[in-house]
**Q** 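Dropping a structure here in structure tokens format, bear with me for questions.
This structure is a prediction, so every number in the text was calculated from the model and none was measured. Residue numbering restarts at 1 for every chain, and letters A, B, ... go by the order of the sequence lines.
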Protein chains: 2
Amino acid sequence: MASADEPPERHCWVCFATEREDRVAEWVSPCRCKGCTKWIHQACLQRWLDEKQKGNSGGTVSCPQCGTEYRIVFPKMGPLVYFLQQLDRALSRVSPFAAAGVVVGTVYWSAVTYGAVTVMQVVGHKKGLDVMERADPLFLLMGLPTIPVMLVLGKMIRWEDYAVRLWQRHSAKLQLLSAIVPGIGRPLPRVPVAGGYGGDHISVSRTLCGALVFPSVAGLVGRLLFRRVPSNLQRTVLGGIAFVVIKGILKVYFKQQQFLIQANRRILNYPDRDDPTDTAEEEGGSEG
Amino acid sequence: MASADEPPERHCWVCFATEREDRVAEWVSPCRCKGCTKWIHQACLQRWLDEKQKGNSGGTVSCPQCGTEYRIVFPKMGPLVYFLQQLDRALSRVSPFAAAGVVVGTVYWSAVTYGAVTVMQVVGHKKGLDVMERADPLFLLMGLPTIPVMLVLGKMIRWEDYAVRLWQRHSAKLQLLSAIVPGIGRPLPRVPVAGGYGGDHISVSRTLCGALVFPSVAGLVGRLLFRRVPSNLQRTVLGGIAFVVIKGILKVYFKQQQFLIQANRRILNYPDRDDPTDTAEEEGGSEG
């Protein structure tokens, strides 16, 4: 039964059963292996392949020893099954893009709505509706979503930081101002590392929320400070400018104060000393 | 100058300079350490702290050797700076929640819009607007977003999988049907591992897209198959039911065929054998 260069009896390298133990089992020699790993039961190899291919019945599997790819033959598919398989694969391939489209569409639609609400807020409810009804629909679908985008981009310009940095760079020239704002121009005991004090990082959530809330704040400030301006649009624009300027000044002042606080920090001696001379000496010798 | 239990001369454990080398530098002994690590220059310790605290000027820092927390003293803050600091912290704390609110609001508003479009699609454009105008606004704001949610939840009920599993479990009783559908009831050469053939996993993107596209498909199928039904609502509902039933039958058929294909796969012998007897023997002995 066996050829000359084979061991006298086949045995399966999965279940170790020999030909004699199971006379009806089907044998297969699927790879280049010779000798004791040449033969395997068809059923044992199928079980092993199921394990290897878990979830991916089309994947190729090779012999772990000789690396030969197993030749797996499937029964022929009917045309309907083939069509359904192709459809299933196409849908699986397309669906991530479609889902991304759903997400983009959701964001876009909310941006359009936000833009429309902002227009009504800025120029007044009735006038805003009038303006949008008269405008080209295509222009609205393109223009309205740019409103929140512009607000966020505008919010990302951190001009206050540049102002603070300019201030600090030219602080020597600001000696004359020291009478007006405390701390300006005075020689610092030390210069703290940049970014080491107040958070200099841009917070995504804060930028987003600040940008989206800006038109409402501008309207509020406009109504508070510019009550006599009759036009809704002008009042809101003035309110927005006033808010940006006031906020900018406060921010520059706050950053500069943080800088000064950090520059003037001191580390104290450890208090529990039984040697009063040391402490006294340091307190006296602190100003170099 | 130095007390009895100290080394004769102070030296800084950061820059290794001694008292004699820099007579004006300020010294500090910030922790419990004695001996050669007792003293450090105030300026050297400040630089070291800047490095340690990078970006978090309020954080505590301890001596790496004795673990004593350094006592850092900041100059007193004015009330405006304190107020600005508290405001800054409060905004930083609130903004992630506000940003989450923006995301939820975006999704919610898109769901409302989708629900409104679906109502108009299902009952007809004009009648849909009529229905929504007459309805309670609160009911609309609650009811419309549930439409996409229900569609997605409904899509997640995979009744076809249960049908396939029931079929496979009771396939022995289905012998009589084998004349109608090929493969039913025939004894299988083997039972593949569950999930090993067709993808049994739920794809999020596919579920989402399938659910959102369903009303349009239902309307399309309704117009194709039930042209004589005058009511837009009835036609779309009938179309939806027809689509679900047809798709279900196709899916059950496809899954069963995938199962059969997987069950009937065979691994072939390696072809380049110079021993024709082996091959012949196997071909003959394959049916156990």
**Q** List the atom of Arg32(B), the atom of Tyr270(A), and the distance in Å for their closest heavy-atom pair.
**A**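 Looking at all heavy atoms of both residues, the shortest contact is NE-OH, 2.8 Å.
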
**Q** If we check side-chain contact (heavy atoms from CB on, under 4.5 Å) with Ile267(A), which of these qualifies: Val61(B), Val73(B), Leu49(B)?
**A**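 When Val61(B), Val73(B), Leu49(B) are each tested with Ile267(A), the side-chain contact (heavy atoms from CB on, under 4.5 Å) holds only for Leu49(B).
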
**Q** Taking all atoms of both residues into account, what is the closest heavy-atom pair of Gln46(B) and Arg266(A), and its distance?
**A**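 The pair with the smallest heavy-atom distance is NE2-CA, 3.8 Å.
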
**Q** Counting only heavy atoms closer than 4.5 Å, note whether Leu84(B) contacts chain A via side chain, backbone, both or neither.
**A**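 Contact with chain A is through both the backbone and side chain of Leu84(B).
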
**Q** Counting only non-hydrogen atoms closer than 4.5 Å, does Thr68(A) touch chain B with its backbone (N, CA, C, O), its side chain (CB onward), both, or neither?
**A**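 Only the side chain of Thr68(A) comes within 4.5 Å of chain B.
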
**Q** Minimum heavy-atom separation for Phe74(B) to Ile261(A), with atom names?
**A**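 Heavy atoms of Phe74(B) and Ile261(A) come nearest at CD2-CG2, 3.5 Å.
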
**Q** Using only atom types and a distance under 3.5 Å, with no angle test, would you say the side chain of Asn269(B) pairs donor to acceptor with the backbone of Ser29(A)?
**A**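 Looks like yes, one N/O pair under 3.5 Å.
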
**Q** Do Trp109(B) and Thr113(A) meet the criterion of a side-chain donor-acceptor pair at a distance under 3.5 Å?
**A**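 Yes, a side-chain donor-acceptor pair sits under 3.5 Å.
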
**Q** Looking at every heavy atom in both Ser92(B) and Arg206(A), which two are closest together, and how far apart are they?
**A**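 In this case the closest contact between Ser92(B) and Arg206(A) is OG-NH1, 2.7 Å.
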
**Q** Please report the shortest heavy-atom distance between Cys209(A) and Ala98(B), naming the atom on each side.
**A**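 That would be SG-CB, 3.4 Å.
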
**Q** Flag the one option from Ala43(A), Gly210(A), Pro96(A) with the top tally of heavy-atom pairs under 4.5 Å to chain B.
**A**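 Looking at each option in turn, the highest pair count goes to Pro96(A).
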
**Q** Inspect the contact between Asp88(A) and Lys255(B) and indicate whether a charged nitrogen and a carboxylate oxygen are less than 4.0 angstrom apart.
**A**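 Here Lys255(B) does not pair with Asp88(A) in a salt bridge, since their nearest N and O are not under 4.0 Å apart.
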
